[in-house]
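Structure first, then comments.
First listed ligand is number 1; within each ligand, the first listed atom is number 1.
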Amino acid sequence: MNRRQFLASAALSGLASACGSGAAGARAPRDPAAFRTELRVPPLLEPEVDKDGTRRYVLTMQRGRSEILAGKPVETWGFNGPHLGPTIRAARGDRVQMTVTNRLDEASTVHWHGIRLPAKMDGGPHQMIEPGATWSPHWTIDQPAATSWYHPHPHGKTATQVYRGLAGMFIIDDRTTAELPATYGIDDVPLILQDKSLAEDGSPTGDPLKGTFGILGDHILVNGTYAPFVNVRTERVRFRVLNGSNARMYHLTFADGRAFHVVGNDAGLLPAPVQVDQVSLTPGERVEVVVTFAAGEQVLLRTVSGSDDIDEGDFDLLKIVAAPRLAASPHLPARLTTPTPIVVPLNAKVRRFRLNGHDAINGKEMDLSRIDEVIPAGATEIWEIENTVYAHNFHIHEVAFQVLAVDGEKPPAYASGHKDTVYVPPKSTVRLAVQFGRFTDPATPYMYHCHILRHEDSGMMGQFVVVEPGTESQVPRTITAHHM
Ligand code: C2O
Ligand code: CU
Ligand code: CU
């Protein structure tokens, strides 16, 4: 959030508390006593380890029933269960193989959002998995510690499939980084934020492809749990927060305004913790925070209204209940990691992308058979994203980038780390330093797109290939789109 928006959102939330209601559709924070369901924590997915050390993770996409509202079972979709998916955890250097079976009755894909890997393994719209089929991508984890995630990516269907519940977290560890809370489910807790519109019977309703943004629901789930509480037993807890919503943007803060520390952005840890009292997150973005608790206290995590349409409404999200006695936690390290700097060469190529309306980039709708950009392997480029009207964000597959400027101003310190998804406020321009990877494949593209899924599905997406430097001009600009 830049300063202008921060002020706007601060003004709005001040207004909300003064008169008891926020912008249209907002609801006052609920009574803490209403947070009665224990937060579900997705199980860790245990891999099978092959003789050669390859860790094999098995995922099945399936339909099921779950109770989003207690006592009201409804149809939801998930991986290895009825809703959402297990958390995958792997370390830098691991050889991994995913075995993904589609037990839905429609085709899908599984994209590893934030993971650096060859285009064929990326799980974008060209790696379709037919109903009943199995897809087995494999690669070696080679990137810094980060909080990533996985979700379907079939063109035109991503919004619907994610909204039904297909999403999971993908944690990457790196043994060389500083000590942070890391005991999964105890002091290292995933928080997947997703909003739903719920019908009387408790089932998610609404058309994720309608209106300007698709769904902006008024029931916000955390890990699929509505109005949850979580018990904490340690002085400090690291929360890995993922905005897995179709369109909603969050401005996260605690009800008592306490300070906390941001330790990581999408693509890795920050060099040092940054103290904040509020962080903003658009769909697809992640943030890692460390929060300190006092024994016996309770506090609500909430989101406050902003001014950009996708962030309307004040909502309490999660009640955190600290045990009467808390186990001591290590101090927050002053240095977290030394990220490889993204150095922009003087003659860096500048590419410009114009987000106009909600179904095209640079005036062109997504075409699976068109290669929009050809990138030399290992390049660092400037990408300039200009947004003319509505709120959008921008995600690039298989890169790490740094936000150089939002309308000429530096991003806040807490969002200055390596990222793969960035907010592009209405009528603004965002300048990125993008570091591309080294996996070449002139025939298989990676995607870049708005991560508001209604926009992505209706064509606000483009394709790039990464090729051997010097071969750019020989690369065919049309490919045979694998079936859609
Ligand atoms: Cu999270 Cu192209 O996606
Ligand atoms: Cu992605
Ligand atoms: Cu958009």
### Message
Would Ser148 and His113 count as a side chain to side chain donor-acceptor pair (under 3.5 Å) here? Give the steps.
### Response
CA-CA 6 Å; Ser148 303; His113 178 136; over 6 Å; no

### Query
Does the separation of the ring centres of Trp383 and Tyr448 fall below 6.0 angstrom?
yes

### Query
So, is His153 placed with an N/O/S atom under 2.8 Å from atom 1 (Cu) of ligand 1, counting both backbone and side chain?
no

### Task
Among Val291, Val290, Thr147, find the residue that satisfies the side-chain contact (heavy atoms from CB on, under 4.5 Å) test when tested with Arg238.
Val290

### Message
Under 2.8 Å from atom 1 (Cu) of ligand 1 - does any N, O or S atom of His395 fall there?
### Response
no

#### Entry: is_close_aromatic(His395, Trp149), centroid dist under 6.0 Å
no

### Task
Could you confirm whether His113 has any N/O/S atom lying under 2.8 Å from atom 1 (Cu) of ligand 1?
yes

### Task
May I ask you to check whether His449 and His455 place their ring centers less than 6.0 Å from one another?
no

### Message
Under the ring pair (Phe, Tyr, Trp, His ring centres under 6.0 Å) test against Phe79, which residue among Phe170, Tyr150, Tyr57 passes?
### Response
Tyr150

### Minimum-distance atom from the Cu ion (ligand 3) among N, O or S atoms of His392
ND1

### His153 near the Cu ion (ligand 2): N/O/S under 2.8 Å
no

### Message
Checking one value in my table: which N/O/S atom of His455 lies closest to the Cu ion (ligand 3)?
### Response
ND1

### Query
Can an N, O or S atom be found in His113 less than 2.8 Å away from the Cu ion (ligand 2)?
no

